[in-house]
Number of protein chains: 2
Amino acid sequence: MAPDDEKDAGQTTGTLGKAIALLESVCQAERPQRFTDLLKQTDQPRGSLHRQLRHLVAEGLVDATPEGDYTPGLRLLGFAAKAWARNSVRKLAEPHMAHLHALTGETVHFGVLRQKEIVYLDKLESRQTVRMHSQVGNAAPLYCTGIGKAALSCLEDADLQPLISQIEFRSFTPSTHGDAQALLADVEAIRDRGYAFDLEEHQPGICCVAAAIVSADRSFIGGVSVTAPAFRVGREKLVDWADPVRFAALAMAADFDRGMGPRRKSDL
Amino acid sequence: MAPDDEKDAGQTTGTLGKAIALLESVCQAERPQRFTDLLKQTDQPRGSLHRQLRHLVAEGLVDATPEGDYTPGLRLLGFAAKAWARNSVRKLAEPHMAHLHALTGETVHFGVLRQKEIVYLDKLESRQTVRMHSQVGNAAPLYCTGIGKAALSCLEDADLQPLISQIEFRSFTPSTHGDAQALLADVEAIRDRGYAFDLEEHQPGICCVAAAIVSADRSFIGGVSVTAPAFRVGREKLVDWADPVRFAALAMAADFDRGMGPRRKSDL
DNA sequence: AAACCACGTTCCAAATAATGGAACAAGAGG
DNA sequence: CCTCTTGTTCCATTATTTGGAACGTGGTTT
């Protein structure tokens, strides 16, 4: 119908793309969506939307109550469990995370880059926190998280500049960097230090030290961080953890380079 | 091309169904799949498979290495995180799980029924286990897990019999029930007791006590269990935990009935 | 009651995207 | 040099999706 939709940018994924876009709508929403809610968001004809939803529900990607509320489907958990369990970088990071956790006694995160976000792949909780699990599987912006900024600090200036200029800065907290200039200055400092802070820039009251895991070819593999509530730890404490964090990141990078070297050979 | 495929059973999900079937193939495999592996499993023409994979990769549901290895995509984690965070039954179970965990000091599971399997939705670890997280999002058969058998014990005989007769019994361990008769006897006992055991029937060395969470209308909502290694706890210990587990299940059911009562009203 | 409206569901000709066979690259071995 | 395996591209055919409109259904107003 529309010959060239504005933001198709290169590739089209046909029917699947539309289905996943709809699934995204269902997932992004805060609460169960009704047929009409989705109709408004997706502005598709009734008939099409109806069939697409039927398909998604039949496949278990979306769950529907008899009353007509649509929520993300439980089958997604099964898929994600596999994606998580089979992720090789996460597996290799695990023991080093455990070590770091034992050393600091605080919450340790591991995250990788996906598109232009950090996705948290693993988390070891601080000893008895009241906090929920999760965060695992969630995505966060690059410009206001420790791991995200550590990732940025690995880029060449030539790649960094255009990327930063595309960012839409949103102030999650009063401390969030509000523009490219502030972020660039921070990245500069991170390059010098070799590690990054997040001083309540994403979540109020939460701060962390993070380091990038960098492969031998200088590409960003992922990041580790130690996180704690601001009321309990000051900047000095974070600095104390910086070396352990950096060391863990180095150890992970070494494991990565060792493991990823032999290609086809080590497959069996 | 094929006018009526054998097991289409009622509904067809068109293009999406094929894409998800392929995704399932990628996820089920133990290791990264190559194009040819998938070609064999799905017996589709090269052209079609190639395009479907391209679409899945473009959508982030499948990740592909430059070398041509296909693995479950990281985007799945994001979807699942939403599905998990927004699951209302899980949320309401959470505090009762915590209580049970504090009481027993052992691993507590919460699971619900999906299709004909138990899907684990939450887990509180035994204090310092070496064990990984996960299990969350994984599915297990009904006939060899505590929560699964507790679910079976909620069914009327009229529903139970046909369901059991369809089961393909697979012996995960020497203790797994091997036929309908043994399972029925166990279900009978569970009905009498009000709780179920899993005595190393699914994973060697692992046993649990479980109870069904049953709504006021007598339908199965989910199940809770306390799990421990067999070498550390005997049947007596499991029996000690049975009442706490049953009580937790009752409390969850009460919360469920209370929360789910007011429909549209409580939406806001 | 009748008229109205919001919500969902179902239908079907027309438009579009998926299909699958075959031809085309590119290595890897023999 | 030939051949086998693996992966990619092309394109006429075919099946699926599309989307407008008509049809239910229940709730609300006049």
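So that the names make sense, note that chain A is the first sequence line, chain B the second, and so on, each numbered from 1. Every heavy atom of this structure was used, including side-chain atoms; hydrogens, water molecules and symmetry mates were not.
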Heavy-atom pair of closest approach, residues A/G111 and A/I147: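 Taking every non-hydrogen atom into account, N-CD1, 3.8 Å.
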With a 3.5 Å distance limit and no angle check, can you tell me whether B/R86 reaches the backbone of A/A29 through a side-chain donor-acceptor pair? yes
Taking A/Y143 for the side chain and A/R170 for the main chain, is one N or O donor matched with an acceptor at less than 3.5 Å? yes
Under 4.0 Å from OP1 or OP2 of C/dG20: is there any side-chain N or O of B/S48 that close?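 Yes, because at least one side-chain N or O of B/S48 sits under 4.0 Å from OP1 or OP2 of C/dG20.
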Does B/T15 put a side-chain nitrogen or oxygen below 4.0 Å from OP1 or OP2 of C/dA17? no
Between [atom2] of [N] and [atom1] of [X], the distance in whole Å:
{"X": "A/L38", "N": "C/dA6", "atom1": "CG", "atom2": "C1'", "value": "16 Å"}
{"X": "A/Q44", "N": "C/dA15", "atom1": "CD", "atom2": "P", "value": "19 Å"}
{"X": "A/L16", "N": "D/dT18", "atom1": "CG", "atom2": "P", "value": "12 Å"}
{"X": "B/L49", "N": "D/dT6", "atom1": "CG", "atom2": "P", "value": "13 Å"}
{"X": "B/Q52", "N": "C/dG20", "atom1": "CD", "atom2": "C1'", "value": "11 Å"}
{"X": "A/D43", "N": "D/dG20", "atom1": "CG", "atom2": "P", "value": "11 Å"}

Not counting sequence neighbours, which residues clear ring-ring contact (aromatic ring centres under 6.0 Å, His included) with A/Y120? List them please.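 ring-ring contact (aromatic ring centres under 6.0 Å, His included) list for A/Y120, sorted by chain: A/H109.
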Can you list, by residue number, the residues of residues 20-30 of chain A that have a non-hydrogen atom closer than 4.0 angstrom to DNA chain D?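 Contacts with DNA chain D under 4.0 Å: none.
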Applying salt bridge (Lys or Arg N to Asp or Glu O under 4.0 Å), which residue pairs with at least one partner in residues 136-146 of chain A are found, sequence neighbours left out? none
Between the protein and nucleotides 7-12 of chain C, list the N/O to N/O atom pairs that are separated by less than 3.5 angstrom.
from, atom 1, to, atom 2, distance (Å)
C/dG8, OP1, A/R34, NE, 3.2
C/dG8, OP2, A/T36, N, 3.0
C/dG8, OP2, A/T36, OG1, 2.4
C/dT9, OP2, A/H50, NE2, 2.9
C/dT9, O5', A/H50, NE2, 3.2

Given A/D255 and A/R258, is the salt bridge (charged side-chain N to carboxylate O under 4.0 Å, His left out) satisfied, shown in steps? CA-CA 5 Å; A/D255 277 7; A/R258 199 171 306 120; 3.0 Å; yes
Does B/T65 have any side chain to side chain contact (heavy atoms under 4.5 Å, CB included) partners at least two apart in sequence or in another chain, and if so, which?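 Listed in chain order: B/E67, B/D69.
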Applying side chain to side chain contact (heavy atoms under 4.5 Å, CB included) to A/L160 and not counting sequence neighbours gives A/L152, A/L155, A/D157, A/I164, A/L184, A/V187, A/R191
A/Q28 and A/Q41, any side-chain heavy atoms less than 4.5 Å apart: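 The answer is no; the side chains never approach within 4.5 Å.
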